[in-house]
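In this chain, numbering begins with 1 at the start of the sequence shown. Hydrogens, waters and symmetry mates play no part in the numbers below; they use all other heavy atoms, side chains included.
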Amino acid sequence: MYDAHREQPVICPDGANSQFASTLTVTEGREEIVGLTGDQIFAPWVVGHISASKRRMGDGMSYTILERSYRPEEVAARLIAHARTLVEKHLAGQVRERLGELAREALGQVRDDWLDWAAEHHDLTLKRDEVILTIPAYFLNNAKHATRSACEIAGVKARRLIHEPTAACLAAAAQRRLSGEVTVVDLGAGTLDVSAMEVQGNRYQVRNILGDNEYGGYDFDRIVADELARRLRARGLEVPKTGRARRRLELAAEHLKIALSSQREAEYTLNAYLGQAEVRLELTRDELAVLLADSLRTLRDVCERMMDERGLPPDHLVLVGGPMLSPLISGTVEEVFEADRTVLSDARTAVAYGAALEGAVLSGHLKEIRLEDVTPFDLGIAVAEADGTTGFSVLIERNTPIPTQESKTYTTTRDLQTEVEVKVYIGRIEPRSLVGVLRLTGIPPVARGVPQIEVTFGFDRSCVLTVTARDTVTGNSSSAEFTETTLLAPSEIETMSRRHTVQHELEELRRALRELVEAAAGLGDCEPLCHEFRERLSAHRPSRRALDPATQGLLAEMYGPQSAELEGELLSLRAPLLDLLATARDHLSQPVLAERAAAGAHLAHQLGVHLDAMRQGMARLTRWNGVLAALAAVDSDPLARFRALHDAGDHGRALLALEELAEPLTDPDDLRRRLHSLAGAGDVAGYRRTLLADAAPLRAVVLDPEDPTAFVASARSALVRVADGSGNEGSGFLISDRHVLTSRRWSAQDPEGMTVRLVEGDRAVRRVFLADSSSIATAVLLLAEPVQAAPLRLGFPRLVHIGDLVWAAPDPDDALVPGIVEKFEVFPEQRLQLFKTNLGLPPEAAGGPLLNELGEVIGTLALRAESEPAFAVTTDSLAGLLASAGFGLTGAAGGDGG
């Protein structure tokens, strides 16, 4: 978008990225997600994935997922709607920031939570329902009409269609102040465009356009993938031509291609691939050059043709698109044009940058830019030649400046002919180049050659072709309509638009409900907060120093009837909120269906009302606790101050208070507080050293990597087997005397059919708790009665680093299996964090503990597929699930981490 205040284009980010992939992914719950790439598309909840639909715009094909068809226009509509959401979200953030500035000018200090409240209760969105669409310069007319249809489906108005090389030239000229002959080569994932432009001051004249709508980075990936498949075949590994294994190989090919843009050699490891633990792939830049030599011939031919038509090398060469980051590809273009590339700030966003400048011109914020584009193809109609063959009569020649209008007069070929069909073609006469059929009726029945039929072509600045025909001899008016079958009819566009609107509303409702569920689950239980308040209030002693009026007022509230009323209100909200939370989770577990929208909206409203009431009450109680903690923090007794600061979450100052102690800590609760503070401060070495020193009074068995025997003997009683009653059995482990963590793979819906097998005997399951997102492959089992076995300690995932030693316990009777952490994977929308390890474990190990080097639980094991390295869901990701199961709320927890 264009920022009129800063007078420059602004890229609206998608999370941490400056762009998003042109992909549409459908989940098992029928949610539609834009922009998934890489390993994300292999998630188990993905049932369909669409990419490269841009090449199919306007040709009438469709994709089918879950018995539902998607035209390329619908896919494009989802991408346009997503981009609009990003812009409006960015603008809402700007409004919030400006609101804060104005509030601070008027009020002085303004807390962020006040602005959060304002954003939550007031719509800060600035609607943006007009767009500039960039399209390949070599797009056929049907594809351009399809692009406009996509805008209608998405509910936005296309102010202008602008060729992508033209937009890139606008960006380059603005960034580098270019002048003279500029050639732009835009090579994207699916299309190639080459444009020659003349830039004089603020006048941009397109002189020539060439391209290929079936050539791009996808073709390079396919060639590399084919070569990798050939190499694997030589090693005895056959890669299927379609399916998951092929897609993973294409992803590896893309990774190697991108890596070779900045290095001479690259490698990629496919874990658990084709029955192998790992498959290592290697490629050099020289090998890539040999592989792409034939394909780069197409790029070279188009560029050489442009050089021949222009006659001289350009003054400036602008290269845009992801593939141009490769020296191999950019070097080919530079060699043909005998020029070095003009370096841009980001070749991948140059087209969007230029489109924003064009938008500023249309909105009146930039008035000095004059853009003159040309037609990329010859435009004409099919005519009957004298020898009986079909010829192509050109009305608008290729590279004609637009807007333009041209007319030619034709006649009939048969006597008494009363109607004609005007078949409109773009470029040449072939099925895919057919734009449409214009039917002219009401021609007087006279001899052939007498009627004079004037055909007029108009081509506007948005590259949209309009065709009219009339009988000039009689002057009679005639009706004409297009009958091109590959384009969407108005009724189809309206139907798709309604479907898009309904889907968007359903997903917005689902998103809002999911956020409410996550907020409610993350809010925690009010009872510990109430308990903390009662403890702090009873321990409070009047201070000898004078207190400020605000603190005195809060103390008066605490000692008055308001505290009892607030506590009663919170406890009365507890059960209804939990019921609503369970109902909402059940609703979210069902597919996205229009008939369930009303129930979902009512549920979201009720959950929001109860959540707001609970949140406000808990916030007030937290404020009271903070005041009491602050008053305790000024205590002259360092031990009392340490406890107060720890309870207030001020871990750094709590550790400083410990340094003032004359005697070492002895109370196990204080020892646990110290460990918690060290973890909160991120002191890995201090945490390890302290746990080893305090292991005896804490009754903790610390794992010795050199000899884990003692730990295994102690932990065996906490390791369990979970049977679901239908013959399936997997791993699990105790985290309290009543709670078992395991994989949802081993969790039946009916707890009566489940059995937990411990060293001390079998136990029945009273209830099964599952996360509201299927992405969290973990379950909590509530046992029917307590057990005697000591649970495993929970550690702190935040202290784990890549390369750290970890252990798995796949079976109570087996030894521990060592491994390392290879990668962190974070999915913010699901609030999911994963440890990717190099552990090779059997499927039955899913649900077992992943232990850090001290023997503390930092995650639950999950397996993507047999023979693939295991990953683990971090215990931090399970906070909502554990809270819903009542873990840690009654003092029954076995560990202190998380």
Side-chain angles (χ1 to χ4, degrees), residues 1-3 6-14 17-22 54 79 83 86-87 90 131-139 160-199 202 204-206 209-211 215-217 258 261-262 299 302-303 306 314-327 329-334 337 339-362 366 369 371 373 376:
M1 69 173 199
Y2 185 81
D3 188 329
R6 296 163 59 186
E7 297 185 342
Q8 65 180 22
V10 174
I11 300 298
C12 302
D14 186 3
N17 302 313
S18 61
Q19 56 190 346
F20 62 88
S22 300
K54 185 177 183 179
L79 304 182
L86 295 180
V87 170
H90 179 79
V131 296
I132 306 291
L133 267 297
T134 61
I135 57 174
Y138 235 55
F139 241 14
R160 177 70 52 84
L161 301 187
I162 179 174
H163 291 154
E164 288 165 356
T166 305
C169 186
L170 288 175
Q175 292 178 12
R176 301 301 304 273
R177 301 188 182 280
L178 306 184
S179 181
E181 181 93 2
V182 180
T183 295
V184 181
V185 182
D186 180 3
L187 181 60
T191 57
L192 166 67
D193 285 311
V194 183
S195 292
M197 303 182 69
E198 185 74 24
V199 179
N202 293 316
Y204 297 77
Q205 294 176 291
V206 181
I209 292 176
L210 290 171
Y215 181 78
I258 294 173
S261 298
S262 58
L299 175 62
V302 174
C303 292
M306 177 63 79
D315 298 316
H316 307 281
L317 179 62
V318 176
L319 308 182
V320 296
M324 286 301 182
L325 298 176
S326 168
I329 298 171
S330 61
T332 299
V333 178
E334 291 174 330
F337 286 105
D340 294 330
R341 65 190 299 175
T342 297
V343 179
L344 303 179
S345 59
D346 188 347
R348 296 167 300 178
T349 60
V351 171
Y353 191 101
L357 291 174
E358 176 67 5
V361 173
L362 294 180
L366 281 180
I369 293 180
L371 178 61
D373 218 329

Which residues pass the side chain to side chain donor-acceptor pair (under 3.5 Å) test with Asp346, sequence neighbours left out?
Arg348

Looking only at atom types and distance, does a side-chain atom of Ser261 sit under 3.5 Å from a main-chain N or O of Ile258, one as donor and one as acceptor?
yes

Of Ile329, Val318, Val194, Leu210, the residue whose pairing with Val185 passes side chain to side chain contact (heavy atoms under 4.5 Å, CB included):
Val194

Any side-chain to backbone donor/acceptor pair from Asp315 onto Glu181? Under 3.5 Å, distance only.
yes

Closest heavy-atom pair and its distance - Leu344, Ala350
CD1-CB, 3.8 Å

Here's a test for you: under side chain to side chain contact (heavy atoms under 4.5 Å, CB included), which of Val320, Leu178, Val199, Val351 qualifies with Cys169?
Val199

Which atoms form the tightest heavy-atom contact between Tyr353 and Ala171, and what is the distance?
CD2-CB, 3.5 Å

What pairs with Ser262 under side chain to side chain donor-acceptor pair (under 3.5 Å), at least two apart in sequence or on another chain?
none

Should His163 and Asp193 be marked as a side chain to side chain donor-acceptor pair (under 3.5 Å) after you check the CA-CA gap, both sets of side-chain angles, and the distance that decides it?
CA-CA 9 Å; His163 291 154; Asp193 285 311; over 6 Å; no

Looking at Arg176 and Val343, would you say the former's side chain and the latter's main chain have a donor-acceptor pair under 3.5 Å?
yes

Under the criterion side chain to side chain contact (heavy atoms under 4.5 Å, CB included), which of Val361, Leu362, Leu357, Leu161 is the partner of Ile132?
Leu362

If I compare all heavy atoms of Thr134 with all of Ala355, which pair ends up nearest, and what's the gap?
CG2-CB, 3.6 Å

Whether Arg341 side chain and Met324 backbone form a donor-acceptor pair below 3.5 Å:
yes

